[in-house]
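These notes are about the structure you will find just below.
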Amino acid sequence: MNGAHDLGGTMGFGEVVPEVDEPVFHTDWERRAMAVTLAGAMLGRWTLDESRHVRENRPPATYLTSAYYRIWLDALESLLVAHGLVGADELADGRAHRPGDDGVTAVSPGTVTRVLARGAPTERRAEGTPAFAVGQAVRARNIHPGGHTRLPRYVRGHRGTVELVHGAHVLPDTNAHGGGENPEWLYTVRFAGTELWGEAADPSVEVSVDAWESYLEPA
Amino acid sequence: MRDADHEPSAGVPDEHPDHNHPDHSELGPMDARVRALESILVDKGYVQREALDEIVEAYETRIGPHGGARVVARAWTDPDYAARLAADATSAVAELGLGGRQGEHMVAVFDDAGTHHLVVCTLCSCYPWAVLGIPPAWYKSSAYRARAVFEPRAVLADFGTVLPDDTRIRVWDSTAEIRYLVVPRRPAGTEGWDAERLAELVTRDAMIGVRLADEPAAVGARS
């Protein structure tokens with residue numbers, strides 16, 4: 001979706017302001033929001049792609065003015081309700097009114113250790129051969145899907161060069177919406193800064209994105 | 001502290017004004033909301049409270065930029081390791097006991113005399129948690145995500161990093177599950193240093209690419 005999250009090239013946000021000796025978390029609620037979000041994901045009821053889409057799929061004004069972990073928390077609550085694990089009444093009242101789903105095994109410290117160590121690899125066994133090779137010229141398709149996608153607007157329609165071929169990876173566009181993993185070849189595609197931003201751009205800059213095969217066409 | 005992700009824009013009413021408290025010390029509505037959600041999940045048998053503590057503990061102590069610094073320092077001192085890191089960073093990082101969540105598929109990019117690498121995620125905040133821990137607030141800020149791909153030299157200047165005009169700047173936008181680790185150049189004056197000592201020069205910011213590795217004098221200045 002062409003949401004407010006797709007920020008590459010947007011102007012007007014001002015300087016990047018690094019913070020000296022920044023703490024890992026600025027507030028205790030941020031610390032707890034991070035932990036509860038990761039634990040919620042460990043229930044295995046939704047994919048990372050679905051959670052990303054829930055975070056980005058909100059009115060632009062809300063997205064841009066919400067604290068980072070506030071977006072996470074809003075998304076977690078939406079996911080818990082959408083997947084039938086928590087009732088909207090329970091969230092509204094701030095306490096459980098019913099026992100949980102019998103099919104759920106509680107996330108334990110052991111679960112955490114296991115999941116953090118293994119992660120959730122997205123590479124799958126590749127079928128067939130990649131359509132594009134390293135060094136080949138490709139064009140990012142000029143597409144505007146209404147659902148989740150990982151092709152940023154600023155590269156769409158632009159010509160680049162395949163830099164890396166990563167194997168087949170789970171396609172977020174379908175996996176975010178219950179449409180299955182549909183693994184596709186994944187490429188790193190390099191674009192000249194001047195191709196993306198015009199002749200006035202810094203000629204020493206190149207930008208790459210990771211793009212699934214269906215995001216690309218021969219150039 | 002100024003942070004675009006914590007500060008609402010001018011003119012937009014903030015429904016949770018606790019974000020603006022500079023000391024973040026008061027319990028606000030967000031605290032109450034998170035605590036309530038925690039209790040719901042625990043009472044419904046979905047999450048053990050100790051599991052939440054374990055997640056916090058992991059990212060506040062064990063998983064952080066010191067892990068990535070070990071990788072870089074090893075690459076600086078061991079050419080065979082550097083070659084393995086370049087060829088298959090996921091495996092090379094695993095040799096040092098690192099990897100897993102948000103580091104499942106790693107790629108290491110190496111700065112050299114003519115090339116400087118910079119990592120961003122314009123679409124959200126993808127970041128190599130397995131080797132760098134939790135991303136800093138500025139990495140998640142709208143300003144960084146918007147500008148790193150458009151005017152990376154100006155972003156570098158915000159960090160006080162100025163590169164020669166002919167240095168090629170390679171920006172890596174993390175749009176998939178590939179996680180990029182920048183291997184900065186080894187500073188001059190560190191000949192004979194072992195990996196443990198060198199790791200002290202390798203900051204989180206250098207491994208994202210917004211700064212260079214610290215100079216040897218910085219170690220003495222910090223200790």
Cut-off 4.5 Å, heavy atoms of chain A, and the answer for B:L123 is both

Where does A:R98 contact chain B at under 4.5 Å (heavy atoms): side chain, backbone, both or neither? both

Non-hydrogen atoms of chain B under 4.5 Å away: do they reach the side chain of A:E90, the backbone, both or neither? both

Select, from A:R118, A:E77, A:R55, A:M42, the one with the greatest count of heavy-atom pairs under 4.5 Å involving chain B. A:E77

What are the two closest heavy atoms between A:A75 and A:R58, and how far apart are they? N-NH2, 4.1 Å

Measuring from atom CD1 of B:I208 to atom OH of B:Y127, what distance do you get when rounded to the nearest 0.5 angstrom? 3.5 Å

Among residues 191-201 of chain A, which ones touch chain B with a heavy-atom distance under 4.5 Å? A:W197

Interface moiety of A:D101 toward chain B, non-hydrogen atoms closer than 4.5 Å: both

Which atoms of B:I134 come close to chain A, meaning under 4.5 Å heavy atom to heavy atom: side chain ones, backbone ones, both, or neither? side chain

Donor-acceptor pair, distance only, cut-off 3.5 Å: does the side chain of A:R31 make one with the backbone of B:V56? no

Contact listing (chain A partner; residues 82-99 of chain B; heavy atom under 4.5 Å): B:G99

Nearest-0.5 Å distance that lies between atom NE2 in B:H116 and atom OG in A:S204: 11.5 Å

Is chain B contacted by the side chain of A:P99, its backbone, both, or neither, given a heavy-atom distance below 4.5 Å? backbone

Side chain, backbone, both or neither of A:V112 within contact of chain B (heavy atoms, under 4.5 Å): side chain

Partner chain B: residue of A:L73, A:V24, A:V36 with the largest heavy-atom pair count (under 4.5 Å): A:L73

Going by heavy atoms in the side chains, are B:L118 and B:V210 under 4.5 Å from each other? yes

Less than 4.5 Å to any heavy atom of chain A: does that hold for the side chain of B:Y139, its backbone, both, or neither? neither

When A:P18, A:G167, A:A117 are compared by non-hydrogen pairs under 4.5 Å with chain B, the top option: A:P18

Should the pair B:K140-A:E19 be classified as a salt bridge under the 4.0 Å nitrogen-to-oxygen rule? no

A:H5, part contacting chain B, at a heavy-atom distance under 4.5 Å: both

Top of B:A157, B:G103, B:S125 for chain A proximity - count of heavy-atom pairs under 4.5 angstrom: B:S125

Which portion of B:P136 sits near chain A, non-hydrogen atoms under 4.5 angstrom: both

Taken to the nearest 0.5 Å, the spacing of A:H169 NE2 from A:N175 CG works out to 13.0 Å

Side-chain donor or acceptor of B:W172 paired with backbone N/O of B:R179 under 3.5 Å: no

Please classify the contact of B:V107 with chain A as side chain, backbone, both or neither, using a heavy-atom distance under 4.5 Å. side chain

Between the side chain of A:N182 and the main-chain N/O of A:L171, is any donor-acceptor distance below 3.5 Å? no

Engaged part of B:V155 at the chain A interface, taking heavy atoms whose separation is under 4.5 Å: side chain

Which portion of B:E57 sits near chain A, non-hydrogen atoms under 4.5 angstrom: neither

Interchain contact, B:S174 with chain A, by part (heavy-atom threshold 4.5 Å): backbone

Side chain to side chain donor-acceptor pair (under 3.5 Å) assessment of A:E163 paired with A:S208: CA-CA 8 Å; A:E163 171 106 15; A:S208 60; over 6 Å; no

What part of A:L43 gets closer than 4.5 Å to chain B, counting heavy atoms only: side chain, backbone, both or neither? side chain

Donor-acceptor pair, side chain of B:R168 and main chain of B:G114, under 3.5 angstrom: no

Separation between CD of B:E104 and CH2 of B:W129, rounded to the nearest 0.5 Å: 11.5 Å

Side chain, backbone, both or neither: which part of A:T188 has an atom under 4.5 Å from a heavy atom of chain B? side chain

Counting only non-hydrogen atoms closer than 4.5 Å, does A:R52 touch chain B with its backbone (N, CA, C, O), its side chain (CB onward), both, or neither? side chain

Main chain of B:C124, side chain of B:R145: is a donor-acceptor contact present, judged purely on distance under 3.5 Å? yes

Relative to A:W29, does B:R33 satisfy both conditions: NZ or CZ under 6.0 angstrom from the six-membered ring centre, and within 45 degrees of the ring's axis? no

Test A:D173 against A:T149 for side chain to side chain donor-acceptor pair (under 3.5 Å), laying out the working first. CA-CA 5 Å; A:D173 305 49; A:T149 189; 2.8 Å; yes

Main chain of A:F132, side chain of A:Y187: is a donor-acceptor contact present, judged purely on distance under 3.5 Å? yes

Using a 4.5 angstrom heavy-atom cutoff, name the option from B:Q102, B:R49, B:H105 with the most pairs to chain A. B:H105

d(A:L7 CG, A:Y63 OH) to nearest 0.5 Å is 6.0 Å

Check this for me, if you would: do B:R153 and B:E151 make a salt bridge, where the nitrogen-to-carboxylate-oxygen distance has to be below 4.0 angstrom? no

As an exercise, state the distance from CZ of A:R45 to CG of A:L79, rounded to the nearest 0.5 Å. 12.5 Å

May I ask you to say whether A:D74 pairs ionically with A:R70, meaning some side-chain N is under 4.0 Å from a carboxylate O? yes

Counting only N and O atoms by type, is there a donor-acceptor contact under 3.5 Å from the side chain of B:R70 to the main-chain atoms of B:H66? no

Does any backbone or side-chain atom of A:D6 lie under 4.5 Å from a heavy atom of chain B? Answer side chain, backbone, both or neither. both

Closer than 3.5 angstrom, by distance alone: can the side chain of B:R101 be matched with the main-chain N or O of A:V115 as a donor-acceptor pair? no

Of the listed A:E56, A:M11, A:R150, A:H166, the one with the largest count of heavy-atom pairs under 4.5 Å with chain B is A:R150

Which residue out of B:L41, B:D43, B:T167, B:V34 racks up the most heavy-atom pairs below 4.5 Å with chain A? B:V34

Distance-only, no hydrogens or angles: does the A:E213 side chain make a donor-acceptor pair with backbone N or O of A:W185 under 3.5 Å? no

Using non-hydrogen atoms only, which part of B:Q48 is less than 4.5 Å away from chain A: side chain, backbone, both, or neither? both

Heavy-atom pairs under 4.5 Å with chain B are the metric here; pick the option from A:V155, A:V205, A:L85, A:L76 that has the most. A:L85

With a 4.5 angstrom heavy-atom cut-off, which part of A:T111 approaches chain B: side chain, backbone, both or neither? neither

Would you name the heavy atoms of B:R204 and B:P65 that are closest together and state the gap between them? CB-CB, 3.8 Å

Heavy-atom cut-off 4.5 Å, strictly under: side chain, backbone, both or neither for B:D205 against chain A? neither

Contact leader toward chain B among A:V104, A:L164, A:L80, where contacts are heavy-atom pairs under 4.5 Å: A:V104

Given heavy-atom pairs under 4.5 angstrom as the criterion, report whether the side chain, backbone, both or neither of B:R211 touches chain A. side chain

